[in-house]
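Heads up, the thing below is written out as structure tokens.
A, B, ... follow the sequence lines: proteins, then strands. Residue 1 opens every chain.
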There are 2 protein chains.
Amino acid sequence: MSTHTFKSDLFEQFARVGKALSSGKRLEMLDFLAQGERSVEVLAQLAALSVANASQHLQHLRQAGLVVARKEGLYVHYRLAGDSIVQLLAALRAVAEERLADVDKLVKVYLHSRDSMEPVPAKELMQRVKKGLVTVLDVRPPEEYAAGHIPGAINVPLNEIRKRLHELPADQEIVAYCRGPYCLLAFEAVAQLRKKGRQARRLENGFPEWKSAGLPVEEA
Amino acid sequence: MSTHTFKSDLFEQFARVGKALSSGKRLEMLDFLAQGERSVEVLAQLAALSVANASQHLQHLRQAGLVVARKEGLYVHYRLAGDSIVQLLAALRAVAEERLADVDKLVKVYLHSRDSMEPVPAKELMQRVKKGLVTVLDVRPPEEYAAGHIPGAINVPLNEIRKRLHELPADQEIVAYCRGPYCLLAFEAVAQLRKKGRQARRLENGFPEWKSAGLPVEEA
DNA sequence: ATCGTATTCAATTTGCCACTTGAATATTAT
DNA sequence: ATAATATTCAAGTGGCAAATTGAATACGAT
């Protein structure tokens with residue numbers, strides 16, 4: 001029977017995708033790419049890699065079919081090859097959170113120790129935005145905000161929050177979000193706002209998850 | 001800021017799960033484990049590995065939190081650590097199918113060339129079973145059938161089909177299933193039944209997917 | 001045309017992982 | 001106790017992949 005070699009071949013192909021997911025640096029880059037297109041240089045900076053090394057990783061990802069490249073002038077912009085990849089990353093993260101004691105510890109130590117607050121689920125936020133009950137705060141850099149954000153969200157990067165505090169209504173709850181469940185910007189923002197006496201929480205699962213869940217997105 | 005090291009640590013932990021998925025042999029074993037508990041020896045045979053090597057792979061998987069072990073007498077039985085892992089495997093397969101040209105080719109060559117038939121979606125099968133329109137045929141070995149099968153399914157292992165053809169109604173369509181979308185048993189069964197003039201198709205996505213979709217399961 | 005820049009390629013080193021082999025451990029049967 | 005068996009451990013080898021470095025390519029600006 002040649003079915004043995006067939007099955008082996010097939011699983012070997014699946015393993016190519018697994019191999020692509022077997023490096024922390026690559027996962028980090030994929031996480032950034034979930035937010036939108038990025039150039040090699042930017043990705044290298046974000047993941048703390050040399051440009052050449054980042055380029056190699058990206059080609060690894062490209063061969064695995066996870067990212068695609070688009071050349072524009074000097075720059076090559078990479079992006080995720082499809083929405084199924086966001087789902088794959090989410091599934092990976094879910095398993096890791098559920099099963100890896102170390103991740104749990106890390107998350108608890110680094111994140112939950114910073115906040116005594118529960119995150120706001122996306123659905124809940126949708127409802128309360130409709131009713132005008134909350135102010136949505138996007139604490140990412142303006143470029144990322146411009147590339148897509150939750151409808152009605154105000155963009156105030158983290159380091160400008162104290163200066164621009166007056167732009168935020170004092171009598172409404174503020175829900176801050178950034179890039180994802182492990183992005184620290186929103187945590188910091190909430191902490192600062194609370195210090196100033198505001199009522200603030202953070203959105204569960206940042207913008208990439210919001211978008212991939214099919215929820216409405218506003219651009220430019 | 002120590003957030004850099006935090007993020008790196010975190011993604012490094014995620015990568016542990018990715019590493020576990022980076023070997024074809026391990027994915028093959030996980031696929032078998034999706035059908036139920038298996039001993040080391042059995043898994044070694046199924047994946048064509050030495051026992052020691054299989055054991056090592058299993059410990060790798062255990063460290064990644066994907067499988068758990070249960071010792072009973074001389075034997076150690078491994079099983080998947082949770083349903084989320086089935087979802088992760090499905091997501092991985094989906095991405096691979098969608099993005100890897102080679103997989104596509106393999107699947108098309110090895111599977112689609114064998115059948116001119118479309119698979120039956122699980123939902124469709126449910127409806128038609130309720131109306132008594134189809135005979136459901138489980139072509140897996142009796143042990144696997146005993147561990148769980150689709151309600152009302154008849155168990156006739158592939159190699160007994162010709163002998164036991166009379167057990168199958170001649171005037172109804174037969175839907176065969178086995179272990180998953182890449183399990184060849186169902187294909188063979190359909191091919192043989194068609195040769196005998198029966199109307200036969202195969203179920204899309206075999207029993208593990210059926211079960212993990214929350215559809216009803218019958219045991220013993 | 002020449003220079004500067006973003007990206008990729010190529011070559012090298014280093015370290016990790018798969019697999020083999022032989023022994024050790026643990027449990028059951030005699 | 002002794003033997004038999006399932007599984008795991010430990011050591012050794014070979015190969016692949018990550019990261020570094022320096023050069024090459026491709027495009028834009030001057």
- Picking from D/dG28, C/dC19, C/dT7, which would you name as closest to the side chain of A/Leu74? D/dG28

- Task: For B/Gln63 and D/dT8, give me the distance from atom CD to atom C1', rounded to whole Å.
- Result: 13 Å

- Give the rounded distance in Å between these two atoms: NZ of B/Lys25 and P of C/dC17. 19 Å

- Note on the structure: Atom CG of B/Leu58 and atom C1' of C/dC19 are separated, to the nearest Å, by 15 Å

- Looking only at side-chain N and O atoms, does B/Gln59 come under 4.0 Å of OP1 or OP2 in D/dC9? yes

- Message: Nearest to the side chain of A/Ser55, heavy atoms from C-beta on, is which of C/dG22, C/dT7, D/dA18?
- Response: C/dT7

- Where the side chain of B/Tyr78 is defined as all heavy atoms beyond and including C-beta, which of D/dT8, C/dT8, C/dA18 is the nearest nucleotide? D/dT8

- Task: Let me know the distance between CD of B/Glu41 and C1' of D/dA4, rounded to the nearest Å.
- Result: 13 Å

- Message: I want to verify a distance call: between D/dT20, C/dA26, C/dA18, whose nearest atom is closest to the B/Lys71 side chain?
- Response: C/dA26

- Query: Any idea how B/Tyr75 and B/His77 line up, ring-wise: parallel (<30°), tilted (30 to 60°), or perpendicular (>60°)?
  - Reply: parallel

- Message: Distance check needed: C/dA6 P versus A/Glu72 CD, whole Å only.
- Response: 15 Å

- Task: Choose from C/dT21, D/dG22, C/dT7 the nucleotide whose nearest atom is closest to any side-chain atom of A/Tyr75.
- Result: C/dT7

- Whole-Å gap separating P (C/dC16) and NZ (A/Lys19): 18 Å

- Note on the structure: Per atom distances to the A/Val40 side chain, the nearest of C/dT20, C/dC9, C/dT7 is C/dT7

- Going by distance alone, is a donor N or O of one side chain under 3.5 Å from an acceptor N or O of the other, for A/Gln59 and A/Arg62? no

- Answer with base, sugar-phosphate or nothing: what part of the nucleic acid does B/Ser50 contact at a heavy-atom distance below 4.0 Å? sugar-phosphate

- Note on the structure: Which of D/dT7, C/dA18, C/dT8 is nearest the side chain of B/Val76? It is D/dT7

